[in-house]
Amino acid sequence: MDKINVTHSSMPPFDEYCEEIKSIWDTVWLTNMGPIHNKLKGQLKDYLKVPNIELFVNGHLALCCALDALGLKGEIITTPFTFASTTNAIVSAGCTPVYCDVKEDYTIDESKIEALITDKTVAILGVHVYGNICNVDAIDKIAQKHNLKVIYDAAHAFGVEYKGKGICTYGDISMLSFHATKVFHTIEGGALCYNDETLTEKLALCRSFGVKGDELECFGTNAKMNEFSAAMGICNLRHIDEEIASRGEAFALYNKRLSGIYGITLLPSQNIKQNFAYYPVLFDKQKFGKNRDEVIAALNAEGINARKYFYPLVSANKGFKEDLTSLTPIAKEYSENVLCLPLYAHLSENDINKICDIILK
Ligand SMILES: *Cc1c(COP(=O)(O)O)cnc(C)c1O
């Protein structure tokens with residue numbers, strides 16, 4: 001039985017990758033902001049339409065460096081409907097996450113943010129979930145009114161554009177993940193995009209142990225992207241438009257089969273240039289007749305791997321003194337009923353039909 005996984009990393013042609021890493025044998029420059037790293041950085045800056053970008057070893061440490069560079073200490077209003085990384089970065093920074101519920105598009109509900117602001121609040125950390133974006137205009141207004149920083153976890157939003165602008169131009173800093181499972185990858189990797197150029201030096205320090213020449217300027221981590229990862233990025237970026245278009249075709253095929261089915265809610269569409277990062281389906285057990293976990297079992301039995309993403313909520317982390325999930329009932333309901341179906345470039349029509357047949361049966 002052919003297995004269908006939930007993601008399938010894009011692989012550039014083997015010869016293309018070999019060509020890209022050849023120069024490393026001449027330069028013997030393996031890491032620490034080498035020429036391939038710099039080349040990828042320039043290409044991504046153009047592709048993403050951002051004024052400033054720095055590359056990192058992964059998205060998580062990039063987010064940690066963002067919080068560090070902004071000097072945040074206090075409460076950060078954020079969403080529980082995300083990957084562990086978002087909250088972990090807040091806690092690692094010595095800050096306190098304050099959970100705000102989400103709305104139908106799975107992103108933070110901006111209408112509930114202001115009620116959570118206290119005199120300790122320093123920032124809002126939103127997540128662009130499944131490639132759908134937060135209400136960046138409303139969040140910007142709230143932040144300006146209360147003098148808060150805005151950070152976005154844009155790990156799902158590579159290449160997304162809103163009002164003709166790169167999504168990572170909104171807020172103070174946006175984090176991208178280039179993990180192997182994402183729309184664009186460098187095996188492991190990440191980036192920060194930001195508007196204020198004066199952050200560049202702070203981010204560079206944070207990424208390299210806080211060391212500047214002979215001085216130990218501050219406490220920092222090690223989060224540099226190596227040359228082999230950057231080379232993978234250059235190859236993948238060459239094919240990215242084709243990659244996203246192919247995901248879009250799979251997305252449309254799913255829509256054709258699953259829209260209008262009683263008890264199934266598909267990803268609400270937004271007025272953005274989409275990247276087709278994920279295909280979440282929300283099941284209403286009462287109306288659909290089966291719950292999410294029963295659907296997973298049926299798919300698994302046929303060798304198909306779907307993912308409970310995001311489950312559990314990050315506010316269920318056992319590191320907290322109590323379970324915080326009841327503070328955000330909508331996010332809790334979504335996390336118990338949502339399922340991400342397999343989605344990647346070149347997922348065949350046959351496979352999509354097979355998956356939909358099992359779900360609808
Ligand atoms: C993938 C992901 C991250 C972490 O990125 P890494 O590059 O794996 O460290 C953070 N947040 C979200 C929402 C993600 O999906």
Side-chain angles (χ1 to χ4, degrees), residues 6-10 37 40 44 48 53-68 76 78-93 97 99-100 102 105-108 123-134 136 150-160 167-168 171 173-193 203 206-207 221-226 228-230 232-233 236 247 267 275-280 307-317 331 334-335 338-340 343-344:
V6 67
T7 59
H8 184 277
S9 299
S10 49
H37 162 281
L40 176 64
L44 283 171
L48 298 166
I53 183 167
E54 289 297 330
L55 308 184
F56 290 81
V57 67
N58 59 49
H60 180 67
L61 284 174
L63 190 54
C64 290
C65 287
L67 301 182
D68 188 14
I76 299 183
T78 189
T79 169
F81 194 74
T82 181
F83 185 58
S85 167
T86 322
T87 275
N88 291 2
I90 293 173
V91 173
S92 293
Y99 292 109
C100 181
V102 301
D105 64 6
Y106 301 100
T107 67
I108 193 165
I124 300 166
L125 203 181
V127 179
H128 302 311
V129 181
Y130 304 138
N132 259 0
I133 63 168
C134 301
V136 291
V150 177
I151 306 111
Y152 286 113
D153 177 335
H156 288 190
F158 185 90
V160 170
I167 190 59
C168 294
I173 305 187
S174 293
M175 175 275 272
L176 289 163
S177 165
F178 305 151
H179 184 258
T181 54
K182 307 291 200 268
V183 169
F184 165 81
H185 80 86
T186 61
I187 308 170
E188 292 264 8
L192 294 176
C193 306
L203 292 174
C206 181
R207 185 177 54 191
T221 186
N222 176 10
K224 300 174 260 84
M225 179 183 283
N226 73 67
F228 289 83
S229 278
M232 181 61 94
N236 283 335
R247 283 173 168 273
L267 182 66
N275 70 352
F276 310 106
Y278 297 87
Y279 199 89
R307 188 169 174 205
K308 292 193 244 183
Y309 195 64
F310 299 106
Y311 177 87
L313 295 179
V314 298
S315 49
N317 195 307
Y334 289 167
S335 103
V338 76
L339 185 64
C340 282
L343 182 65
Y344 41 86

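As the structure is a prediction and not an experimental result, all values here were calculated from the model. First listed ligand is number 1; within each ligand, the first listed atom is number 1. Just so it is clear, the values below take in all heavy atoms, side chains as well, and ignore hydrogens, waters and symmetry mates.
Nearest protein heavy-atom neighbour of atom 5 (O) of ligand 1: S177 OG, 3.2 Å. For atom 11 (N) of ligand 1, the closest heavy atom belonging to the protein is D153 OD2, 2.7 Å. Atom 9 (O) of ligand 1 has its closest protein heavy atom at H60 N, 2.9 Å.
Two residues are said to be in side-chain contact when any heavy atoms from C-beta on lie closer than 4.5 Å; I151 and S174 fail this criterion. Annotation: side chain of F56 is in contact with side chain of L192 (closest heavy-atom distance under 4.5 Å). Within the 4.5 Å cutoff, no side-chain heavy atoms of H60 are placed close to those of F83.
Note: no N/O pair closer than 3.5 Å links V127 and ligand 1 by distance alone. At under 3.5 Å, a nitrogen or oxygen of Y309, whether backbone or side chain, sits near a nitrogen or oxygen of ligand 1.
Taking each of H179, K182, E188, H128 in turn, the one with a heavy atom nearest to atom 1 (C) of ligand 1 proves to be K182.
Within the 4.0 Å heavy-atom cutoff, G189 counts among the residues contacting ligand 1.
Contact annotation: for Y130 versus ligand 1, there are no heavy atoms closer than 4.0 Å.
Taking the six-membered ring wherever Trp is involved, the centroid distance between the rings of H156 and F310 falls below 6.0 Å.
Closest approach of G233 to F184, counting heavy atoms only: O-CE1, 3.3 Å.
If you check the side chains of Y99 and T87, you find a donor sitting under 3.5 Å from an acceptor.
Between the OG1 atom of T78 and the CG atom of D153 there is a distance of 8.0 Å, given to the nearest 0.5 Å.
Residue T82 approaches ligand 1 through these ligand atoms, each under 4.0 Å from one of its heavy atoms: 13 (C).
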